[in-house]
Amino acid sequence: MKICITAKGTGLNDPIDPHFGRAAYFLFYDTETEALDAVANSPGAHGAGVQAAQIVAGNGAKAVITGSVGPNAHRGLAAAGVEIYIGAQGTVADAIADYKAGKFSRAAGPSGKGHGG
Amino acid sequence: MKSVLFLSGKGGTGKTSLAGAFAYLMEDKVLSDCDVDAANLHLLLDPEIEAEGEYQGSKEAVKDDARCIDCGECQRVCRFRAIDPEFHIDPFLCEGCGACVYVCPTDAITLSPRVSGKWYTASTRLGPLASAELYPGEETSGKLVTLVKQKAYALVKDVKAERLLIDGSPGIGCPVIASVSGANAVILVTEPSLSGLHDLERILKVVRHFRVSAYLVINKFDLNEEISAQIEEFARKEELSVLGRIPYDPAVPGMMIAGKNAVEDPESAAGKAMREIFARFMEVSG
Amino acid sequence: MRITIASGKGGTGKTTVATNLGLALADDRPVQFLDCDVEEPNAHIFLKPRIERTKSVEKLLPRVDEAKCTYCGECAKACEFNAIAVIGKKVIVYDELCHGCGLCRMVCPVGAISEVPHELGVIEYGVARGFPFSRGLLNLGEAMATPLIHELKQGIDPDSLAILDAPPGTGCPTIAAIQGADLALLVTEPTPFGLHDLRAAVGVARSVGVPIGVIINRDGIGDDMVERYCADEGIPIVMRIPFDREIARLYSQGIPLVDALPEWRDRFRALYDTTTMKLAREDGVK
């Protein structure tokens, strides 16, 4: 299964980037083959979360591990059936280990309306 | 390192005054002004700019007149009146949507990014500051807030600060979302008016979405005690902890003119309330 | 003739100037008043208009017919605001992000997208003290103020002296209110904060090529930085309103200055005569 981790760099030892929509990189990790692919994120001025949700779903990830996910991104990821795990800290390797050990709790549904601007 | 973010929903509630008070009272911190529409924290701080750079935000349609055949298709589809009868594009009216680019039969129009402002870092009398300035007609965005925050985090690393103090954007849109993510605590500053209460309800939803600890301060609470009571009732229902109430103090603007903060005046009623709020925040946030 | 009253931030006395100017001049010539501060309109407090009709201002939001949609993703790719997303076999429209440009409908290869109107706010038209009065009211939670200001400007009678009370700030709505004016009167206070906001307002007015006059409100409370700045920039200071308890009292009670203190009627008339004469000398009144 493919999972996505938001990171400040492209490697396993790079730190988690906590803001999903405006993370520097999306790292796609295959839990079976342990292959790691990095996709750079270059969000525009508006709607970064929506754009990010499409990148993650488009690359076939079934779960996202990050610090926090805004309401717009949450709606997009939920529509794609992507599981959302928030509150990740440390490095990408830490996050993968914690995920495998079942340490994350799934984020609840999006609260409140989306946001404009 | 722990970060605290000041938000208000609507503008003009005294968010920056309280952030300024915290800047004065808090030790070992970096300051960050993400209220980039109207950044004014620096006015209290005598900043000396140390580094700066361009910010490219919005896009605008640019037309190559040599390729334009004056067919008027662009004008027909533009819903923002940005293309005048002579088919010139007004950069202030252009929203950068790209509809004109799509319909142009000769590919005479392109969308190009424009420089919307600049970011800077500075040293100030109360500690290092990261901030930004927008150019006329430009609007803030999560992209600029993220940029300012990155600069602030770099300052935190450089000076090994214990705390980061962020003055957030008004509203509840994209810039606010960008400032909330990653914050350890949010202080919501409201005032007793119906629009203040409405905005408080909306901003609390955003903050709660991010599971960040939220605290409330009611500024100028004595201007309308009835609505202040409504706000407190709302806070109780939402289990939102009230850090304190600041009385209306007509002397505050005068102190601002002198470049001084209300907390610097031991006689100021507002200053006294802000000191108590600061002490309570430091106690509850650990 | 069109005069816009503006300021870099709220609370400077912009509305005081706009309403008194209108009242002072209405005896001698046809005047019309437009309150363009659509988020916090308050000219009505002083002018007490009788509203006769209202008009809704809308943006168009896309709606996708999923029976026709092939999930090709062209709409999502085209949208500059990321307001429409195609994820797997789902299309999501983010109404808050949508600017209503219509590009998604244009690019859809199977005609699956239609548009529905969504109200941003209303324009109210009426009469105040014998002259036409109109104002925009942005609906709570809406971010797009500019379309309301454009709609208000559509109602300008070219044979009248139109007085526009601009929204505070330096963003698109403020520019929309200033653009096309013959004169921008920028209201500020003689303080470092006032100067900071004035610089921003001057930048806005200059960017759209509108001549400027500065009005110093609460004259006497601060320093001479604003005067020195205006002298350096060659900007005329066309009026000073002193910091005065009586003026503050009238303001808080919603009583126009020119009604209670007749000398102000003469001062506002003189302000108009000298500034328009100066404009006529410089490049002819449009």
Side-chain angles (χ1 to χ4, degrees), chain A residues 5-9 14-26 40-53 55 64-78 84-90 95 104-117, chain B residues 1 3 5 9 36-37 55-60 95-98 111 113-117 134 138-150 153-154 157 169-184 186 201-212 214 238:
Chain A
I5 304 105
T6 58
K8 291 183 172 166
D14 283 312
I16 298 281
D17 197 329
H19 186 179
F20 174 70
R22 295 192 181 276
Y25 293 93
F26 299 114
N41 185 25
S42 53
H46 305 289
V50 179
Q51 205 177 334
I55 294 170
V64 160
I65 302 170
T66 186
S68 61
V69 176
N72 289 342
H74 202 126
R75 213 177 129 199
L77 291 169
I84 303 164
Y85 299 98
I86 59 173
Q89 284 174 344
F104 290 116
S105 63
R106 270 185 76 173
S111 58
K113 276 179 67 178
H115 63 93
Chain B
M1 198 278 297
S3 59
L5 167 70
V36 284
D37 271 327
Y55 160 66
Q56 289 192 340
S58 53
K59 290 183 185 170
E60 67 185 12
E95 298 254 332
C97 72
L111 275 188
R114 66 178 169 207
V115 177
S116 305
L134 279 171
E138 296 294 341
E139 273 163 45
T140 183
S141 72
K143 192 175 172 184
L144 181 54
V145 168
T146 303
L147 187 62
V148 171
K149 269 173 63 180
Q150 281 166 355
Y153 281 114
K157 231 183 204 170
S169 292
I172 60 153
C174 177
V176 173
I177 301 278
S179 44
V180 176
S181 86
N184 297 102
V186 172
E201 291 172 11
R202 298 201 307 161
I203 192 87
L204 184 63
K205 272 188 188 156
V206 173
V207 174
R208 289 267 156 91
H209 175 91
F210 283 97
R211 302 183 182 185
V212 179
E238 291 287 335

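Protein chains get the first letters and strands the later ones, always in sequence-line order, with residue 1 at the start of each.
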task: Kindly write out the residues that satisfy side-chain contact (heavy atoms from CB on, under 4.5 Å) with A/Lys8, not counting sequence neighbours, or none if the list is empty.
output: A/Pro15, A/Asp17, A/Pro18
Which atom pair, heavy atoms only, marks the closest approach of [X] to [Y]?
| X | Y | answer |
| --- | --- | --- |
| B/Gly182 | A/Ser68 | N-OG, 4.5 Å |
| B/His209 | A/Val69 | NE2-O, 2.5 Å |
| A/Gly70 | B/Phe210 | CA-CZ, 3.5 Å |

message: Quick check for you: to the nearest 0.5 Å, what is the distance between B/Lys149 atom NZ and A/His19 atom NE2?
response: 7.0 Å
query: NE2/A/His46 to OG/B/Ser58 distance, rounded to the nearest 0.5 angstrom?
result: 7.0 Å
query: Should A/Ile86 and B/Arg211 count as side-chain neighbours, where that means a heavy-atom distance under 4.5 Å?
result: yes
task: Please name all residues satisfying salt bridge (charged side-chain N to carboxylate O under 4.0 Å, His left out) with B/Glu238, sequence neighbours left out, ordered by chain then number.
output: B/Arg208
message: Is it the case that over 12 heavy atoms from other parts of the model lie below 6.0 angstrom from the NZ atom of B/Lys143?
response: yes
message: Tell me whether the count of non-hydrogen atoms from other residues, nucleotides or ligands lying under 6.0 Å of CD in B/Glu201 goes above 12.
response: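 Enclosed.
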